[in-house]
Amino acid sequence: MKHLRIGGYGPGIVTIDDGKEHGLARVTAPSFLAAHPTLPVLYAAGELERGWLTAFEATSELTPFDERPSEGHSPCHVALDPTGRLLAAANYGDGTAVVYHLDERGAFAGEPLVLRNEGSGPDAERQEGPHAHQCVFHDGLLHVSDLGTDEIRRYRPDGTRLEPIMLSPGTGPRHFAFAGDRLYVAGELDGTVTLIDGERRTSVPASRQEGANAPSHLQLDGDFVYVANRGPNTVSVLRAGDLSHVAEVPTGGDWPRHFAIDGEHMYVANQYANTVTRFTLRDGVPAPDGEAYEVDSPACVLVM
């Protein structure tokens with residue numbers, strides 16, 4: 001049976017089954033969650049000045065069984081490689097990324113690999129220094145988006161740094177996704193979605209609404225790219241092939257921080273509205289189905 005796990009800035013990680021709150025794991029600021037690819041284990045990033053990473057046994061309840069420092073300030077994302085042997089986390093506060101080995105139980109093993117960065121961008125307030133935002137394992141490399149330095153950093157498994165993928169100054173890359181050799185990037189600072197396909201680059205506004213927009217989560221599903229828009233409070237649907245506009249749908253709340261897609265359903269975490277709203281995907285377009293769950297300051301949704 002699948003469970004809906006919701007992390008954020010409330011009292012802990014909320015578990016919802018059959019539309020009702022089933023349990024609460026009391027931990028501090030679990031702003032991002034990730035599931036082990038083969039084990040019933042959930043990982044949470046504790047977004048504190050001295051960041052932490054916690055592993056939970058994930059049955060009907062969440063039981064913590066291991067914890068390690070994130071080796072940086074304010075971790076906001078955690079990801080696992082497809083084998084389940086490596087875990088990476090991005091520390092927004094100081095731009096540090098960290099990689100841990102995992103053992104056969106999914107517990108942390110050995111000393112971490114700490115990946116630091118330097119640099120800045122043209123936005124004096126938001127890009128005064130590096131700000132790692134997301135980690136993605138792809139084609140044997142670790143990729144780390146850095147909002148502060150307008151780049152996707154790239155590392156080999158041993159920590160060797162490769163040439164980064166540079167974005168236009170002031171983009172502020174946040175979340176990103178790969179489809180083969182294609183790379184899709186949400187720009188938090190310039191309000192765009194960028195497609196990088198070899199030498200070809202295409203950038204479009206993430207939202208067609210007027211006013212400021214700070215895109216948050218971006219995800220590929222089938223032939224579509226979905227991006228959440230904070231400010232307009234919408235989810236945009238774009239065609240993966242050319243970023244052409246398909247639809248833009250209100251999220252039914254305020255400040256959509258993250259969303260998850262599970263089959264025909266999409267769950268959107270509206271951070272400032274204290275709600276997670278459910279949508280049904282109809283021909284790829286989210287349609288509200290009337291389901292909403294009250295959760296304090298939700299920042300991440302995970303179905304597992």
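Within the 4.5 Å cutoff, no side-chain heavy atoms of Ile152 are placed close to those of Val144. Leu33 places none of its side-chain heavy atoms less than 4.5 Å from the side chain of Val78. Counting heavy atoms from C-beta outward, Leu102 and His36 have side chains that approach closer than 4.5 Å. Side-chain contact between Arg5 and Leu42: present, with at least one pair of heavy atoms (C-beta onward) separated by less than 4.5 Å. Contact check for Thr15 versus Glu21: no side-chain heavy atoms found under the 4.5 Å cut-off. At a threshold of 4.5 Å between non-hydrogen side-chain atoms, the residues Leu115 and Leu113 count as touching. Residues Ser74 and Leu48 are not in side-chain contact: their nearest non-hydrogen atoms beyond the backbone lie 4.5 Å or more apart. In this structure, the side chains of Tyr184 and Thr194 stay at 4.5 Å or more apart for every pair of heavy atoms.
Residues Val276 and Tyr267 approach most closely at CG1-CB, 4.1 Å, considering heavy atoms. The minimum heavy-atom distance linking Pro122 with Gly170 is given by the pair CG-N, 3.4 Å. Minimum heavy-atom separation, Ser297 to Asn274: N-OD1, 2.9 Å. Counting all heavy atoms, side chain and backbone alike, Cys300 lies closest to Ala269 at N-CB, 4.3 Å. Across all their heavy atoms, Gly129 and Ser120 have their closest contact at N-CB, 4.3 Å. Across Ala44 and Pro30, no two heavy atoms sit closer than the pair CB-CB, 4.2 Å.
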Chi angles and distances behind the side chain to side chain contact (heavy atoms under 4.5 Å, CB included) call for Tyr226, Val246:
CA-CA 10 Å; Tyr226 299 89; Val246 176; over 6 Å; no
Before giving the answer on side chain to side chain contact (heavy atoms under 4.5 Å, CB included), spell out for Tyr9 and Ser31 the whole-Å C-alpha distance, their side-chain angles and the decisive distance to 0.1 Å.
CA-CA 6 Å; Tyr9 302 101; Ser31 68; 3.6 Å; yes
List the steps, then state whether side chain to side chain contact (heavy atoms under 4.5 Å, CB included) holds for Ile16 with His22.
CA-CA 5 Å; Ile16 292 177; His22 173 74; over 6 Å; no
Start with the C-alpha distance between His258 and Leu302, add both sets of side-chain angles, then the distance that settles side chain to side chain contact (heavy atoms under 4.5 Å, CB included), and finish with yes or no.
CA-CA 10 Å; His258 187 256; Leu302 177 66; over 6 Å; no
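When the shell of 6.0 Å around CG of Asp289 is examined, it contains more than 12 heavy atoms from other residues, nucleotides or ligands. The number of heavy-atom neighbours closer than 6.0 Å to CZ of Arg85, taken from other residues, nucleotides and ligands shown, is 12 or below. Within 6.0 Å of CD on Glu294 lie no more than 12 heavy atoms contributed by other residues, nucleotides or ligands. Within a 6.0 Å sphere centred on CZ of Arg50, heavy atoms belonging to other residues, nucleotides or ligands number 12 at most. In Asp158, the CG atom is crowded: over 12 heavy atoms of neighbouring residues, nucleotides or ligands sit closer than 6.0 Å. Annotation: His245, atom NE2; neighbour count of heavy atoms from other residues, nucleotides and ligands within 6.0 Å is above 12.
Side-chain contact annotation: Thr149 with Glu151, donor-acceptor N/O pair under 3.5 Å present. Using modelled atom types, one finds a donor on one side chain and an acceptor on the other under 3.5 Å when comparing Thr54 with Glu67. Using modelled atom types and a 3.5 Å distance limit, the side chains of Asn213 and Ser207 yield no donor-acceptor pair. For the residue pair Asp146/Asn117, the side-chain donor-acceptor check at 3.5 Å is satisfied. Under 3.5 Å, the side chains of Asn229 and Thr234 contain a donor-acceptor pair of N or O atoms. A side-chain donor-acceptor contact under 3.5 Å links His3 and Asp17. Defined by atom type and a distance below 3.5 Å, a donor-acceptor pair is missing between the side-chain atoms of Thr171 and Asp150.
Criterion: ILVMFWY side-chain heavy atoms under 4.5 Å apart, direct or through other members. Under it, Phe224 and Val235 are part of a common hydrophobic cluster. Clustering ILVMFWY residues whenever any of their side-chain heavy atoms sit less than 4.5 angstrom apart, transitively, puts Leu62 in a cluster other than the one holding Leu24. Connection of Ile196 to Leu243 is not established within any shared hydrophobic cluster, with ILVMFWY side chains joined at heavy-atom distances below 4.5 Å, either directly or through further cluster members. If you chain together hydrophobic residues whose side chains sit under 4.5 Å apart, Phe108 and Trp52 never meet in one group. The cluster map of Ile, Leu, Val, Met, Phe, Trp and Tyr, joined by side-chain heavy atoms under 4.5 Å apart, puts Tyr155 and Ile165 in different clusters.
Between Asp223 and Arg239, none of the side-chain N atoms (NZ, or NE/NH1/NH2) sits under 4.0 Å from a carboxylate O, so this pair counts as no salt bridge. With respect to Arg282 and Glu264, no salt bridge is recorded, no charged nitrogen being found less than 4.0 Å from a carboxylate O.
Legend: residues meeting salt bridge (Lys or Arg N to Asp or Glu O under 4.0 Å) with Glu47, ordered by chain and number and at least two apart, are Arg257. Under the side-chain contact (heavy atoms from CB on, under 4.5 Å) criterion, Glu71 pairs with Pro69, Val98, Tyr100, Pro112, Val114, sequence neighbours left out.
Remark: Leu87 CG to Tyr43 OH distance equals 6.5 Å, nearest 0.5 Å. Summarising the geometry, atom CZ belonging to Arg153 is positioned 14.0 Å from atom CD belonging to Glu163; distances are rounded to the nearest 0.5 Å. Between the CE atom of Met266 and the OG1 atom of Thr251 there is a distance of 10.5 Å, given to the nearest 0.5 Å. Distance check, rounded to the nearest 0.5 Å: CZ of Arg278 to CG of Leu4 gives 10.0 Å. Annotation: the span from Leu195 atom CG to Ser203 atom OG amounts to 8.5 Å, rounded to 0.5 Å. Atom CG of residue Asp242 and atom CG of residue Asp197 lie 11.5 Å apart, to the nearest 0.5 angstrom.
Aromatic pair His133/Phe176: ring centres not closer than 6.0 Å. Phe137 has its ring centre no less than 6.0 Å from the ring centre of His143.
Judged by distance alone, the side chain of Asp123 and the main-chain N or O of Arg126 form a donor-acceptor pair under 3.5 Å. With hydrogens and angles disregarded, a donor-acceptor distance shorter than 3.5 Å links the side chain of Asp94 to the backbone of Thr96. Put simply, the side chain of Ser216 gets close to the backbone of Pro256: a donor and an acceptor are under 3.5 Å apart. Arg174 places no side-chain N or O within 3.5 Å of a backbone atom of Ala186 that could act as its donor or acceptor partner. Asp103 contributes a side-chain N or O that, together with a main-chain N or O of Gly106, makes up a donor-acceptor pair within less than 3.5 Å.
Using cut-offs of 30° and 60° for the angle between ring planes, the Phe32 and His175 rings count as perpendicular.
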